[in-house]
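Heads up, the thing below is written out as structure tokens.
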Amino acid sequence: LDLGSFYEGLMSFSYDESGALASLPFNRSTYIMYYNKDMFKEVGLDMQHLNRYPHEFSGGQRQRLNIARAIASNPRVVICDEPVSALDVSIQAQVINLFKKLQKHFNLTYIFISHDLSVVKFISDRVCVMFLGMVCEIGVTHELYAHPLHPYTHFLLNAIPKADPRLRSDEKELLTGEIPSPVNPPSGCRFHTRCPYAKDICSQMVPEGKMVGERQVFCHFPLMERK
């Protein structure tokens, strides 16, 4: 659905209060008003919000406004950089469900950047894991979460808190040591200073991408080769 094209087709028409077609021209200001109203409806805001000032909106409402602004130009791709990190859990769920609804409705592609692995798992079809600006692993979401191939991915997933208390008794292998400086990153694989599986080559050569099925992993010794 391209709302912009839809309203452009109505530029020569207008409607009276009863909804009947009127003879007055559908001028630019009326076009913008109707378009804004539809954008508000798409992101779950009421018409009464149209005349509010920014400080009168809650955090969740402001995020909905930002989403409306992002999709107003009918893009193919929307880049979402930590779109729910500042929201509480209940509002996060609402906004994430809104993203899913809009994606289906407008046939959108999202580049979704987040440190919240649970959110990434819910919304993403494919995941790219990065460490200090370098790609570690790329793959289909359910495969990557079920069987990580890069050590960094493995430790990231280990750090996700488990909601079920009965599953918390299992000891998990966690990372130790200090994070390297992004200003002066280590040579070779940037994760080697924290990786318990690192060998000499890891500090000397940047790993090239290896295809493992439909996944690509950038590691000299992927986890599947250690089993």
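What's counted below: heavy atoms across the whole structure, side chains too, no hydrogens, waters or symmetry copies.
Members clustered with Val206: Met134, by chain and number, using a 4.5 Å side-chain heavy-atom cutoff among hydrophobic residues. Ile179 forms part of no hydrophobic cluster, judged by ILVMFWY side-chain heavy-atom separations under 4.5 Å. Side-chain heavy-atom separations under 4.5 angstrom define the hydrophobic clusters, and the remaining members of the one that includes Ile113 are Val77, Ile79, Ile111. Residues near Tyr53 contribute nothing to a hydrophobic cluster around it, because no ILVMFWY side-chain heavy atom sits closer than 4.5 Å to its side chain.
Using modelled atom types, no side-chain atom of Gln61 and backbone atom of Leu45 make a donor-acceptor pair closer than 3.5 Å. At distances below 3.5 Å, not a single donor-acceptor pair connects side-chain atoms of Ser187 with backbone N or O atoms of Gln204. A donor-acceptor pair under 3.5 Å links the side-chain atoms of Arg190 to the main chain of Leu132, judged by distance alone.
Of all heavy-atom pairs spanning His55 and Arg62, the tightest one is CA-NH2, 3.5 Å. When all heavy atoms are compared, the tightest approach of Pro186 to Thr193 is CB-CG2, 4.0 Å.
Atom NZ of Lys199 has 12 or fewer heavy atoms from other residues, nucleotides or ligands within 6.0 Å. Applying the 6.0 Å contact sphere to CD of Glu214 captures no more than 12 heavy atoms from other residues, nucleotides or ligands. Applying the 6.0 Å contact sphere to CZ of Arg52 captures more than 12 heavy atoms from other residues, nucleotides or ligands.
Sequence neighbours left out, the pairs with a member in residues 123-143 that pass side chain to side chain donor-acceptor pair (under 3.5 Å) are Glu137-Thr153, Glu137-Arg215.
Residue Phe106 is grouped with residue Ile96 when hydrophobic side chains (ILVMFWY) are merged at heavy-atom distances under 4.5 angstrom, including chains of intermediate members.
Glu208 is linked by a side-chain contact (heavy atoms from CB on, under 4.5 Å) to nothing, counting only residues two or more places apart in sequence or in another chain.
Using a 3.5 Å distance cut-off with no hydrogens or angles, the side chains of Asp88 and Ser90 do pair a donor with an acceptor. With hydrogens and angles left out, the side-chain atoms of Gln94 and Asn97 include no donor and acceptor closer than 3.5 Å.
The aromatic rings of His150 and Phe191 sit tilted, their planes meeting at an angle between 30° and 60°.
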Item to check | Residues Leu98, Gln63; criterion side-chain contact (heavy atoms from CB on, under 4.5 Å); working and verdict | outcome: CA-CA 11 Å; Leu98 175 63; Gln63 198 67 310; over 6 Å; no
Next on the checklist: Between Tyr110 and Phe99, is the ring pair (Phe, Tyr, Trp, His ring centres under 6.0 Å) condition met? List the steps.
Outcome noted: CA-CA 9 Å; Tyr110 294 139; Phe99 271 117; 5.3 Å; yes
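Taking CD1 of Ile71 as the start and CG of Leu108 as the end, the distance is 7.0 Å to the nearest 0.5 Å.
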